[in-house]
Amino acid sequence: MSEVFLAPHMPILTSTRRQSLVDSALDALNQRITSGIWQLGERIPTEGELSELLQVGRNTVREAIRVLSHAGILEVRQGDGTYVRSLDDPAVMMRTLRRSSLREHFELRAMLEVEAARLAALRRTTTDLKRIKSRLVARGHWVEGQSVDMFLERDSAFHCAIAETSRNRALIELYRYFLGTARDAARAAMVEHGVTEPSLSLHDDLYHAIKAGDPIQAAHAALAILHPLIDAFSLDHRVPDIPISERNISGISKQGR
């Protein structure tokens with residue numbers, strides 16, 4: 001590892017800061033990118049090295065890298081490392097998303113997924129349907145005791161396949177950008193509040209509506225998946241609706257392992 005990786009330019013995170021650890025880690029990583037310490041195409045330090053430099057847990061580092069990866073800023077190459085993919089600064093948008101409430105997250109997710117489903121029903125090909133179906137099978141049922149994080153990764157892959165089938169590049173990129181915080185919201189709903197994960201049958205209904213080429217039914221099916229989540233955190237319920245950035249994300253991740 002070159003010395004530039006270990007140079008003392010990385011801001012140290014302290015417990016006195018008001019931002020969540022993940023938001024602080026995002027700021028620190030983004031500062032290294034925008035300041036030019038990490039160049040475009042350069043491999044950044046390992047998860048363990050970043051954890052030591054930032055003085056935070058690996059779960060916090062992993063989450064920050066995941067958010068930047070979905071934003072297209074970093075690229076994770078399995079077995080090789082994580083590389084700088086873009087120099088754009090997504091910090092403002094990401095902080096806004098992470099400070100939104102669960103209800104706001106699920107409402108925004110519904111807007112994106114309903115339209116993605118509608119367009120997918122109009123534009124799907126045989127290849128698209130095979131990809132969506134394979135990810136649906138991989139997703140499977142939620143079973144108590146399995147890893148929450150791994151299940152939500154599979155669930156996200158299914159919904160991402162539908163977004164990709166929309167053939168709308170702007171929607172696809174926006175959905176990918178939003179996906180990291182969307183998973184955080186889903187994890188918080190399941191782990192902290194015991195909200196039941198939408199059933200496999202509802203997801204199967206969505207797949208069959210897209211397969212049938214019925215945009216109206218596909219939109220209804222997509223909304224049916226998210227409606228219980230939106231309803232659980234609606235304004236007239238008493239369930240605490242805490243912004244994502246104020247949640248103990250590291251602790252939640254551990255419960256799903």
Side-chain angles (χ1 to χ4, degrees), residues 1-78 80-102 105 147-150 152-153 156 176-188 191-192 242-257:
M1 182 66 63
S2 62
E3 292 185 1
V4 67
F5 283 166
L6 303 178
H9 297 295
M10 182 73 76
I12 298 298
L13 306 183
T14 67
S15 59
T16 59
R17 298 187 65 174
R18 291 185 178 181
Q19 289 177 292
S20 73
L21 291 177
V22 174
D23 280 343
S24 297
L26 283 168
D27 286 343
L29 297 179
N30 192 58
Q31 186 274 332
R32 296 280 288 192
I33 295 170
T34 58
S35 67
I37 295 175
W38 293 338
Q39 298 293 317
L40 186 66
E42 183 176 353
R43 182 167 62 88
I44 71 172
T46 66
E47 189 178 283
E49 290 167 338
L50 289 174
S51 177
E52 183 177 349
L53 287 170
L54 295 175
Q55 297 183 6
V56 297
R58 290 197 176 202
N59 281 331
T60 298
V61 171
R62 189 176 302 120
E63 180 64 24
I65 290 176
R66 186 175 70 176
V67 171
L68 288 172
S69 175
H70 284 294
I73 306 304
L74 295 177
E75 178 183 359
V76 179
R77 302 176 187 173
Q78 295 299 326
D80 186 12
T82 301
Y83 290 78
V84 178
R85 180 180 178 184
S86 172
L87 300 180
D88 293 335
D89 182 359
V92 175
M93 175 67 77
M94 284 188 293
R95 280 196 292 267
T96 299
L97 286 174
R98 298 189 67 81
R99 290 171 182 169
S100 300
S101 69
L102 290 175
H105 268 76
S147 167
V148 174
D149 286 332
M150 290 182 65
L152 291 177
E153 286 286 348
S156 295
R176 286 173 177 167
Y177 187 90
F178 174 68
L179 206 51
T181 51
R183 274 198 297 265
D184 290 341
R187 186 190 302 114
V191 176
E192 295 183 20
I242 305 171
I244 296 296
S245 62
E246 296 179 14
R247 297 175 178 276
N248 183 358
I249 294 175
S250 296
I252 295 172
S253 296
K254 290 177 183 177
Q255 293 183 50
R257 294 188 182 283

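Of all the heavy atoms in His105 and Ala182, the pair that sits closest is CD2-N, 4.4 Å. Looking at every heavy atom in both residues, Ser86 comes nearest to Ile33 through O-CG2, 3.8 Å. The heavy-atom pair separating Pro45 from Trp38 by the smallest distance is CD-CZ2, 3.3 Å. Leu152 and Ala186 make their closest contact through CD2-CB, 4.0 Å (heavy atoms, listed as atom of the first residue, atom of the second, distance). The two residues Glu49 and Thr46 have their closest heavy-atom pair at OE1-N, 2.9 Å.
Here the CG-CG distance, from Leu21 to Asn59, works out to 11.0 Å after rounding to the nearest 0.5 Å. Distance CD1/Ile44 to CG/Leu74: 5.0 Å, rounded to 0.5 Å. To the nearest 0.5 Å, atoms CG (Asp23) and CG (Asn30) are separated by 11.5 Å. Of the inter-residue distances, the one linking Glu42 atom CD with Ile37 atom CD1 reads 10.0 Å to the nearest 0.5 angstrom. Considering CZ of Arg66 and CD of Glu63, their distance stands at 4.0 Å, rounded to 0.5 Å. Between Thr82 atom OG1 and Glu47 atom CD the span is 8.5 Å, to the nearest 0.5 Å.
For Arg176, the CZ atom is densely surrounded, since the number of other residues' heavy atoms within 6.0 Å is greater than 12.
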Would you sort out whether Gln39 and Val84 count as a side chain to side chain contact (heavy atoms under 4.5 Å, CB included), showing the intermediate values?
CA-CA 7 Å; Gln39 298 293 317; Val84 178; over 6 Å; no

Please lay out, stage by stage, how Leu29 and Ile73 fare under the test side chain to side chain contact (heavy atoms under 4.5 Å, CB included).
CA-CA 10 Å; Leu29 297 179; Ile73 306 304; over 6 Å; no

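Residues meeting the side-chain contact (heavy atoms from CB on, under 4.5 Å) test with Ser156, sequence neighbours left out: Leu179, Arg183.
One N or O on the side chain of Ser51 and one on the backbone of Val56 form a donor-acceptor pair closer than 3.5 Å. Of the possible polar contacts, none joining the Ser69 side chain to the Ile65 backbone as a donor-acceptor pair under 3.5 Å is found.
The only option from Val22, Leu54, Leu26 that meets the side chain to side chain contact (heavy atoms under 4.5 Å, CB included) definition with Thr60 turns out to be Val22.
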